[in-house]
Number of protein chains: 2
Amino acid sequence: MNIIKAINRTRIKDIAQKANVSIGTVDRVIHNRGEVSNATRDRILRIIDEMEYQPNLMASTLASKKTFSFALLLPEPISPESYWNKPMVGVRRAFQEIQQYGININIHLFKQSDANTFNTEAGKIIESNPEGVVLAPFFSRESMEFISELKKRAIPYVFIDSNIKDSDKLSYIGQNSFQSGTLAAKLLDFSVPENSSILVLHFAKERDNMNHLVQREKGFYEYFNTNLTSGKKKLITLEISDPNDIACQNQITDQLKSNPEVKGIFVTNSQVYYLARLIEETNISGIRVIGHDLINENINFLKKGIVDFLICQRPEEQGYKAIITLFEHLVLKKEVNNENYTSIDIITKENLDYYK
Amino acid sequence: MNIIKAINRTRIKDIAQKANVSIGTVDRVIHNRGEVSNATRDRILRIIDEMEYQPNLMASTLASKKTFSFALLLPEPISPESYWNKPMVGVRRAFQEIQQYGININIHLFKQSDANTFNTEAGKIIESNPEGVVLAPFFSRESMEFISELKKRAIPYVFIDSNIKDSDKLSYIGQNSFQSGTLAAKLLDFSVPENSSILVLHFAKERDNMNHLVQREKGFYEYFNTNLTSGKKKLITLEISDPNDIACQNQITDQLKSNPEVKGIFVTNSQVYYLARLIEETNISGIRVIGHDLINENINFLKKGIVDFLICQRPEEQGYKAIITLFEHLVLKKEVNNENYTSIDIITKENLDYYK
DNA sequence: ACTTTTTCCGTGTTCGTACACGACAAAAAG
DNA sequence: CTTTTTGTCGTGTACGAACACGGAAAAAGT
């Protein structure tokens with residue numbers, strides 16, 4: 001018997017001795033590697049339980065040649081500044097932290113305008129047979145097909161940005177759009193004088209995950225329905241199909257002209273900068289504006305004071321957490337939260353700098 | 001020569017071959033372990049640079065018996081619910097993540113009312129000769145002494161909560177109190193009608209790091225000085241020495257009675273719950289209240305709608321980041337930010353749940 | 001020139017775990 | 001009863017780096 005190697009295995013050896021088996025048997029049980037009779041397995045498991053044996057993660061990954069590959073399926077960012085770049089930043093940060101544990105990440109992008117690209121990329125992911133998947137279930141029918149395939153292969157998947165209920169997901173990482181709408185309502189309610197009206201503006205062209213917009217609007221109305229003291233305020237809803245079209249822009253300015261008591265505007269998605277541009281050009285003043293998402297165009301108008309509040313849902317953190325969740329589940333074998341709502345941040349000119 | 005071991009060292013062997021030296025020499029250079037002539041050291045360093053050799057952190061910590069001990073010097077929490085418990089939560093989380101790298105954390109607490117306890121604990125820390133220190137420089141003279149001792153021993157230190165300029169600190173993790181005051185001002189400015197007055201309330205008894213309070217007030221006034229459109233609002237400042245004293249409470253109610261146009265109150269520290277209690281008891285309504293810190297007492301009043309906004313600076317994250325910063329500097333040998341301001345969060349009843 | 005000291009370098013063992021290989025016995029097939 | 005298959009188990013080596021030990025070469029001392 002080699003004395004030296006036995007020293008290295010002291011911990012396992014302890015267990016082996018107590019169970020009256022060999023070291024090899026013990027680590028077969030520990031790593032679930034079969035080739036052990038049920039009786040000895042049970043005996044060993046009980047002893048391990050008593051000792052509270054904690055395997056050393058570093059030695060483990062060092063010795064193991066196992067690698068994990070995670071696949072991402074996300075919408076393609078429309079421009080270098082647009083929303084979907086943000087989660088990617090978080091993904092990269094997570095990757096930096098965990099790549100040493102033998103983790104690879106493959107990013108697959110689909111076009112938000114074309115469900116076929118979603119299917120194509122989903123197919124590629126299935127083919128590559130990853131250990132875990134992160135996806136934004138943008139197209140719900142296609143997503144259902146994809147996850148049923150994943151379920152068949154016992155590949156865990158994490159939803160990001162949008163959720164699908166009752167889907168055996170490992171986790172959902174994202175926002176609570178309804179609450180974010182309620183919050184926007186409160187802020188506007190506080191920021192405009194009594195008896196003024198509020199305009200709810202949908203820029204709906206680029207159907208950037210419509211469900212969120214609907215939820216935000218619902219939350220917004222919910223606030224004014226339940227807070228009776230604010231009941232005097234009138235709400236007006238306006239849908240703008242193409243914010244670049246002059247006719248559409250006129251729609252807005254007309255609305256404002258015919259309703260001079262409108263003192264607050266709520267834009268349900270990240271495209272508040274279209275409105276801000278219009279306000280800047282037409283020199284309208286005295287209107288509080290609230291929108292979503294910390295993207296560069298919006299930041300500029302926030303600094304200028306044309307947009308008063310931005311509500312933001314930490315997209316970088318969503319990307320980061322999605323990856324880390326898979327990691328914790330697969331590598332660390334920790335319990336993970338089935339639902340993980342990111343915080344709903346209120347950003348103004350004053351605290352902007354601290355959300356980099 | 002043992003063939004097998006040579007295989008294990010392939011990467012370093014590559015370098016050794018190119019530099020025409022032995023494997024041992026290379027790892028001496030890599031780990032700065034001396035016993036290498038300057039000429040060969042330089043040659044090897046150049047080659048390492050070209051190869052972009054990245055040491056494997058896991059193998060490294062596994063083989064190394066080196067352990068790091070970090071010492072913390074923080075104010076003792078006054079109650080189980082009070083502010084200074086929060087950073088501790090973050091510290092524990094950080095510890096969970098990095099303890100496997102051989103890191104110990106020793107927590108030293110001092111009494112906020114007694115600078116001597118600060119000195120005693122600081123002495124103990126010096127004696128224990130840790131690899132890194134996190135401290136809240138609550139007492140500035142005593143802190144200066146302490147850090148000069150640390151500097152002598154080349155022990156890096158991270159400030160948390162408060163900063164000391166020009167102190168050769170490794171990093172500062174904390175809030176920007178001035179900006180947080182500005183932000184509070186904006187929110188109140190938006191939330192009260194024009195021509196109303198605003199009351200700034202200091203609960204100054206427990207001198208919980210006075211400097212922050214001063215900075216917040218400065219920021220608050222700064223906002224109203226620069227935003228001329230809001231110039232019509234009158235600001236009143238009131239200092240309350242003992243919020244439990246009835247005379248002091250009357251001071252507040254008197255102030256509100258004699259100035260019925262006060263429609264907003266800003267409490268500069270976490271003790272807004274004293275005011276909220278008073279408001280609740282006396283059934284005053286129609287006043288917007290803004291305070292600091294997400295502690296349980298405040299949360300209750302936020303939910304009840306008596307406090308409208310809480311401004312919060314993520315104390316858990318401050319604790320977490322302080323530890324991680326030391327870790328990154330000492331173990332990962334990464335560059336760390338010299339100043340790290342945590343985000344200034346606005347919390348209302350509506351988004352409270354997402355800041356757990 | 002010879003000994004002693006210093007400087008430099010090569011190699012083997014080690015950290016805690018994973019896994020391949022092969023030994024051996026029992027069961028199944030011939 | 002022999003041969004093959006299956007089911008268990010023990011041990012040795014590897015993962016990538018850290019570090020001790022001791023030997024060779026160079027420098028210093030006599």
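Sequence lines set the chain letters: A, B, ... in the order given, protein chains first and strands last, and positions in each chain run from 1.
Rounded to an integer number of Å, the gap from B:L62 CG to D:dA17 C1' is 9 Å. If you take CD of B:Q100 and C1' of C:dG16, they are 13 Å apart, rounded to a whole angstrom. A:N56 has its CG atom 7 Å from the P atom of C:dG16, to the nearest Å. To the nearest angstrom, P of D:dA20 lies 12 Å from NZ of B:K66.
Applying the salt bridge (charged side-chain N to carboxylate O under 4.0 Å, His left out) test to B:K151 and every residue at least two apart in sequence or in another chain returns B:D168.
In this pair, A:F138 and A:F110 present their aromatic rings tilted. The plane angle is within the 30 to 60° band.
Closest to the side chain of B:A63, from the set D:dC15, D:dA17, D:dC19, is D:dA17. Of the candidates C:dG16, D:dC19, D:dA17, D:dA17 carries the atom nearest the B:A59 side chain, counting heavy atoms from C-beta on.
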Show me the side-chain donor-acceptor pairs of residues 319-335 of chain A shorter than 3.5 Å, one per line, residues at least two apart or across chains.
residue : atom : partner : partner atom : Å
A:Y320  : OH   : A:E97   : OE1          : 2.8
A:Y320  : OH   : A:E97   : OE2          : 3.3
A:K321  : NZ   : A:E317  : OE2          : 3.4
A:T325  : OG1  : A:K321  : O            : 2.6
A:K333  : NZ   : A:L330  : O            : 3.3

